[in-house]
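Notes follow once the structure below has been shown.
As the structure lists them, so they are numbered: ligands from 1, and atoms in each ligand from 1.
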Amino acid sequence: MTRSPAPRLRGAPTRQAAQRATPQAAQEASGTGPATGLLARLRDQARARLDPVHWDFFEGGADGERAVAENEAAFRRLALLPRVLRGSGPARTTVDLPGAPDTLPVVVAPTAFHKLAHPAGEAATARAAAAAGAVLTTSMASTTAVGEVAAAARAVRPEAAVWFQLYLQPEPAVTRELVRRAEAAGCTALVVTVDSPVFGRRARDDRNRFHDLPPGYAAENMRDLPGGPPGSTRPIAMSPALSWADLAALRAATRLPVLVKGVLHPEDARIAVAEGVAGVVVSNHGGRQLDAAPAALEALPAVADAVAGRVPVLLDGGVRSGADVVTALALGATAVGVGRPVLWGLAADGERGAARVLAELREQTAHVLTLCGSADCAGVTRDQVVRRGGQAPW
Ligand SMILES: Cc1cc2nc3c(=O)[nH]c(=O)nc-3n(C[C@H](O)[C@H](O)[C@H](O)COP(=O)(O)O)c2cc1C
Ligand SMILES: O=C(O)C(=O)c1ccccc1
């Protein structure tokens with residue numbers, strides 16, 4: 001990648017230096033996170049356990065972190081109108097996604113460097129996702145190679161679905177080799193992240209001088225790629241020169257379904273569907289790329305209208321509860337992704353913590369669907385979402 005972790009400064013800064021450089025406490029206490037509940041507790045535990053530099057990497061966003069805050073705030077501005085007496089029975093909480101039939105509508109969003117959260121790293125996350133019946137989207141920037149990640153998931157549940165997240169690399173031979181590895185690992189879809197023509201500016205990481213993984217950790221998927229010396233890892237490149245033609249070349253090079261992640265403009269969603277993608281992920285990258293971007297949730301209805309049911313639409317960013325999941329479903333998503341909450345669980349208590357996050361979201365989603373009078377994930381509709389605190393119409 002172009003900014004981070006660029007090998008400018010090696011090794012992690014000390015805890016003391018990070019604390020001096022991290023005056024985030026007041027801002028966070030005033031709080032964008034959930035005030036109570038399991039996820040909030042795991043977040044607190046994660047924060048207490050982690051090196052503050054790594055906490056800041058996981059929690060932070062681009063520039064003034066406005067997009068990060070908006071993702072959660074957008075959910076808080078909305079409420080759900082339940083329907084009653086529909087005789088719908090207890091809600092069924094599975095959906096069909098590309099390469100993942102009958103799966104939870106909560107997908108683990110791709111996040112980098114899980115070994116900084118917990119030494120068991122991505123293998124622990126994979127086991128937790130498999131146990132919950134959730135798709136794991138494993139990041140190209142994982143600290144465990146994709147083959148090992150997918151094997152860990154299948155050891156828990158042979159039919160567990162793992163998707164591989166990919167940044168298209170400027171050298172086609174490198175991209176092709178990454179795709180070959182994902183296919184060989186048994187991944188069932190590729191998720192191409194398209195919101196990163198350059199790496200976002202992360203103020204916390206700059207202040208903490210966090211620009212490289214600590215010794216002993218590496219982006220393992222980037223090891224032994226074409227053009228590099230044997231045994232070494234290549235940096236992940238982000239390129240503003242990429243275009244739809246590069247996506248078409250990728251689709252021609254694989255039989256796996258390809259989803260695009262990081263779409264906010266409805267016209268881009270239309271183009272993506274016309275290009276033949278298998279799904280669109282509405283996302284502002286957890287507020288880590290364009291800080292001026294709207295909340296993902298605010299972009300969702302227009303994208304869902306543009307896609308018009310032709311492929312699944314997913315949303316990630318700010319999903320912290322079953323009510324958030326159901327709100328996104330009602331506004332046109334087939335499923336949602338969760339990024340930071342899984343990292344909180346992983347950092348707090350390894351595999352068990354990540355599994356608790358996913359089980360909690362599954363139970364809350366089923367409960368809220370049932371309270372809304374819906375028999376399944378497709379049964380909540382846009383008319384059931386209303387603004388909180390709006391002007392009374394009378
Ligand atoms: C620490 C961290 C690392 C991330 N790494 C990646 C990545 O490697 N690839 C990617 O496409 N998105 C990455 N993302 C973005 C997530 O996939 C997702 O869009 C975002 O986290 C969703 O927002 P949430 O954290 O509020 O749930 C990362 C996000 C975080 C917080
Ligand atoms: O931090 C991120 O959001 C991210 O996408 C990423 C990508 C490559 C390496 C590290 C992080």
Side-chain angles (χ1 to χ4, degrees), residues 1-6 32-34 39 43 46 50 53-62 65 67-75 106-117 122 125 135-143 146 163-169 190-202 204-205 210-213 217-222 233-238 259-264 281-290 293 295-297 314-321 324-325 328 336-347 357 361:
M1 83 186 79
T2 53
R3 284 185 64 82
S4 168
T32 52
L39 268 60
R43 180 175 182 271
L50 284 178
V53 170
H54 300 156
W55 168 261
D56 273 349
F57 168 70
F58 290 134
E59 203 68 2
E65 301 191 351
V68 179
E70 276 298 302
N71 277 347
E72 289 187 12
F75 282 103
V106 179
V107 170
V108 178
T111 52
F113 304 162
H114 288 197
K115 285 190 180 171
L116 298 187
E122 289 83 3
T125 314
V135 174
L136 168 69
T137 316
T138 190
S139 170
M140 173 165 156
S142 58
T143 40
V146 58
W163 293 349
F164 184 73
Q165 178 268 328
L166 179 69
Y167 291 105
L168 292 173
Q169 294 300 284
L190 300 175
V191 178
V192 177
T193 301
V194 294
D195 59 18
S196 305
V198 290
F199 201 72
R201 286 171 181 258
R202 317 275 166 83
R204 299 196 205 197
D205 295 344
F210 179 71
H211 296 297
D212 204 357
L213 281 165
Y217 299 95
E220 291 298 338
N221 294 319
M222 302 307 288
T233 57
R234 271 177 170 265
I236 292 172
M238 293 179 181
L259 295 85
V260 284
K261 171 175 180 284
V263 169
L264 293 170
V281 185
V282 179
S283 170
N284 65 19
H285 206 114
R288 294 162 74 86
Q289 288 297 117
L290 176 66
L297 189 69
L314 287 81
L315 166 129
D316 74 35
V319 174
R320 303 291 179 264
S321 70
D324 294 347
V325 176
V336 302
V338 283
R340 293 180 184 84
V342 173
L343 294 168
W344 300 336
L346 183 66
V357 166
L361 289 173

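- A distance-only check finds no donor-acceptor pair linking the side chain of R204 to the backbone of G61 [under 3.5 Å].
- Here E59 has no heavy atoms under 4.0 Å from ligand 1, in either its backbone or its side chain.
- The contact set between ligand 2 and A141, taken as ligand atoms under 4.0 Å from a residue heavy atom, comprises 8 (C), 9 (C).
- Counting the atoms of ligand 1 from 1 in the order shown, those under 4.0 Å from a heavy atom of S283 are 19 (O).
- Residue-level proximity to ligand 2 for R202 is carried by the side chain, the only part with a heavy atom below 4.0 angstrom.
- Set against the non-hydrogen atoms of G317, the atoms of ligand 1 under 4.0 Å away are 22 (C), 23 (O), 26 (O).
- The single protein non-hydrogen atom nearest to atom 26 (O) of ligand 1 is R320 NH2, 2.6 Å, given as residue, atom name and distance.
- Residue, atom and distance of the protein heavy atom nearest to atom 5 (N) of ligand 1 are A112 N, 3.2 Å.
- Applying the side-chain contact (heavy atoms from CB on, under 4.5 Å) rule to S283 yields the partners D195, K261, V281, D316; only residues at least two apart in sequence or on another chain are considered.
- Of the possible polar contacts, one joining the R340 side chain to the G60 backbone as a donor-acceptor pair under 3.5 Å is found.
- Ligand 1 lies less than 4.0 angstrom from a heavy atom belonging to Y167.
- Near H285, with a cut-off below 4.0 Å to any heavy atom, the atoms of ligand 2 are 2 (C), 3 (O), 4 (C), 5 (O).
- Distance from atom 15 (C) of ligand 1 to its nearest protein heavy atom, with residue and atom name: H285 CD2, 3.5 Å.
- With hydrogens left out, the protein atom closest to atom 19 (O) of ligand 1 is D316 OD1, 2.9 Å, a heavy atom.
- Proximity of L213 to T143: side-chain heavy atoms (C-beta onward) are separated by under 4.5 Å at one or more points.
- Panel note: side chain R320, backbone P341; no donor-acceptor pair is recorded below 3.5 Å.
- For atom 1 (C) of ligand 1, the nearest non-hydrogen atom from the set Q165, R288, R340, R202 belongs to R288.
- Using the six-membered ring where Trp is involved, Y167 and H285 have ring planes that are parallel, under 30° apart on the 30 and 60° scheme.
- Protein heavy atom closest to atom 6 (C) of ligand 1, with residue, atom name and distance, is P110 O, 3.1 Å.
- What sits closest to atom 12 (N) of ligand 1 on the protein, heavy atoms only, is K261 NZ, 3.0 Å.
- Close approach of ligand 1 to G339 is summarised as follows: ligand atoms under 4.0 Å from at least one heavy atom of the residue are 21 (O), 24 (P), 25 (O), 27 (O).
- Side chain of T137 to backbone of V108: a donor-acceptor contact under 3.5 angstrom is found.
- Residues meeting the side-chain contact (heavy atoms from CB on, under 4.5 Å) test with A293, sequence neighbours left out: L264, N284, L290.
- Residue contact check: T193 has heavy atoms under 4.0 Å from atoms 10 (C), 11 (O) of ligand 1.
- Of all atoms in ligand 1, listed by their number and element, those nearer than 4.0 Å to a heavy atom of S139 are 7 (C), 8 (O).
- Annotation for ligand 2: atoms under 4.0 Å from non-hydrogen atoms of A112 are 10 (C), 11 (C).
- Backbone and side-chain nitrogen or oxygen atoms of P341 are examined, and none is located within less than 3.5 angstrom of a nitrogen or oxygen of ligand 1.
- For ligand 1, the atoms closer than 4.0 angstrom to any heavy atom of F58 are 1 (C), 31 (C).
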